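I have placed the structure first, in the form of structure tokens, so that the comments after it can refer back to it.
Computed from a prediction, not measured in an experiment: that's the story for all the values here.
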Amino acid sequence: MSTDTTSALVIEVVDQVLTHKAQNCTDPGCARHAGTTDCPPITVSRSPGSVLGEAVADAWYAAGGSRLDIPAGVVAALALWPQKSPGAEAADTIAAYIAAQPPRVLVRGLAESANYYWRLRPDLWTTARPLFDWTREDLHDTHLAGVRAVTRAALRHGVLQHTGDTDPAERSRIDLLSWVITSLRHHHSRRSLGEYHTPPDVSRLIVAMLANEGSSEKRPHQRGEWALEPTAGTGGLFRSAAQELRRDGEDPAERGWVMLELDPLAAAGAAVNALVWELGPRAVVGCGDVLAQPRLAEETLAQARDMARHRDDVMKMIRFAIATRTTDQLLDALTSSR
């Protein structure tokens, strides 16, 4: 990111913080000030991933949508919704609140849900951006209607029940984004990319075979090990591997997970999943052609370190700018009162 871009980002963030602090926001799309509190309950069920994916696709195409990034991004942002509760007990209440919001407020809220994770993992957030860039567009009415329809379909079929638990093992039961992206893609697109959903049972079998190296005896896990998946898709194999580690009493965050994927949308889904599944600080996702870029894994790890340092620098600038602007406002107020 260039110096000018960083400065513009800092100015924008500072302006937003001070505007909200002074309660002077008049933005009709602001999720903090323009949302409704009239939130009737909605009927919610924890549907299988295949059912949720089909419901999302049906809602999107029925509303006249054609792009894949918007409906997949809606589900990704809902999966990242930061409010979690034990057993996803708060999911129904949160679902009712989200479903009731006006379309532009809804879009802003989905964007803020995704942007929450920039401070935690700027590298994963950047890889996931193909799922969220649309939130910065001036969407026309057809797309806004589609966003609302997809949101309600995903909520009704339990996206928050699947991803709203404080326990990462519960949030890792299914690869929700794989089901959604696969359902949205036309058959020809899936075939041309070589992209098909790997059933969870098959993923578990592959993981067991790799873990045991073909032996009938289970190989002991080694803490600190790294795993590489050069054709990761949305990360289904690593989901199964992480769940296997949890069943054995190990924290997947103690491992390193490197996921590489050619398709930007699938790579974005893997980045979101790495956050939802809590694969840990050493889980990275790279987007590129591993055949043409033999050092893609090393480059992805280096980029993650660079982006973490850049995040730290930006946060220092933002804190300093807010403190300076606040001090200036206090001095102006004192001066004018004399």
Side-chain angles (χ1 to χ4, degrees), residues 5 8-9 12-13 15-16 19-20 25-40 42 52-81 94-118 125-157 159-160 176-177 179-190 193 263-269 271-272:
T5 304
L9 172 64
E12 179 184 352
V13 171
D15 286 342
Q16 288 178 356
T19 296
H20 285 294
C25 179
T26 58
D27 182 355
C30 176
R32 299 179 186 178
H33 297 107
T36 180
T37 56
D38 181 14
C39 310
I42 63 172
L52 190 152
E54 288 297 328
V56 164
D58 289 345
W60 176 244
Y61 292 123
S66 57
R67 296 165 56 173
L68 301 182
D69 58 330
I70 295 178
V74 168
V75 177
L78 291 172
L80 288 171
W81 203 266
I94 296 172
Y97 171 78
I98 296 172
Q101 301 310 308
R104 293 194 184 277
V105 173
L106 176 58
V107 170
R108 184 69 61 83
L110 294 173
E112 290 190 2
S113 174
N115 291 341
Y116 169 83
Y117 290 88
W118 176 79
W125 179 88
T126 300
T127 305
R129 279 192 61 178
L131 285 170
F132 306 118
D133 279 344
W134 59 270
T135 62
R136 301 180 67 86
E137 300 175 17
D138 184 14
L139 298 178
H140 55 66
D141 290 344
T142 298
H143 282 154
L144 288 173
V147 167
R148 193 171 196 183
V150 167
T151 298
R152 292 184 171 186
L155 291 171
R156 284 197 302 269
H157 287 278
V159 61
L160 298 182
L176 196 58
L177 285 175
W179 287 112
V180 169
I181 293 173
T182 301
S183 298
L184 287 165
R185 288 199 192 281
H186 295 298
H187 177 73
H188 175 72
S189 298
R190 292 202 306 269
L193 286 169
D263 175 39
L265 202 62
V272 170

Whether Trp125 and Trp118 hold their rings parallel, tilted or perpendicular, with breakpoints at 30° and 60°: perpendicular
Close side-chain approach of Ile98 to Leu160, heavy-atom, < 4.5 Å: yes
Residue pairs involving residues 147-156 (criterion side-chain hydrogen bond (donor to acceptor under 3.5 Å, both in side chains); sequence neighbours excluded): none
Spacing of OG1 belonging to Thr182 relative to CG belonging to Leu177, to within rounding of 0.5 Å: 10.0 Å
Interatomic distance, His143 atom NE2 to Trp60 atom CH2 [nearest 0.5 angstrom]: 4.5 Å
Neighbour count >12 (heavy atoms, 6.0 Å) for atom OH, Tyr116: no
Heavy-atom closest contact (Val56 atom, Pro71 atom, distance): CG1-CB, 4.3 Å
Closest non-hydrogen atom pair between Ala77 and Ser113, with its separation: O-OG, 2.8 Å
Nearest non-hydrogen partners of Ala72 and Leu131, listed with the distance: CB-CD2, 3.6 Å
Ala268 versus Pro130, closest heavy-atom pair with distance: CB-CD, 4.2 Å
Minimum heavy-atom distance between Ala96 and Pro40, given as atom pair plus value: CB-O, 3.6 Å
Asp138: salt bridge (charged side-chain N to carboxylate O under 4.0 Å, His left out) partners, not counting sequence neighbours: Arg104
Note, Ile70 side chain near Glu137 side chain (heavy atom, < 4.5 Å): no
Gap separating the CD1 atom of Ile181 from the CG atom of Leu265, nearest 0.5 angstrom: 4.5 Å
Gap between atom CZ of Arg136 and atom CZ of Arg129 - 0.5 Å precision: 7.0 Å
Non-hydrogen atoms of Asp69 and Trp134 that approach each other most closely: O-NE1, 3.5 Å
Gap between atom CD of Gln101 and atom CG of Leu110 - 0.5 Å precision: 10.5 Å
Contact check, side chains of Val272 and Phe132, non-hydrogen atoms, under 4.5 Å: yes
Spatial distance of atom CG (Leu155) from atom CG (Leu78) [nearest 0.5 Å]: 5.5 Å
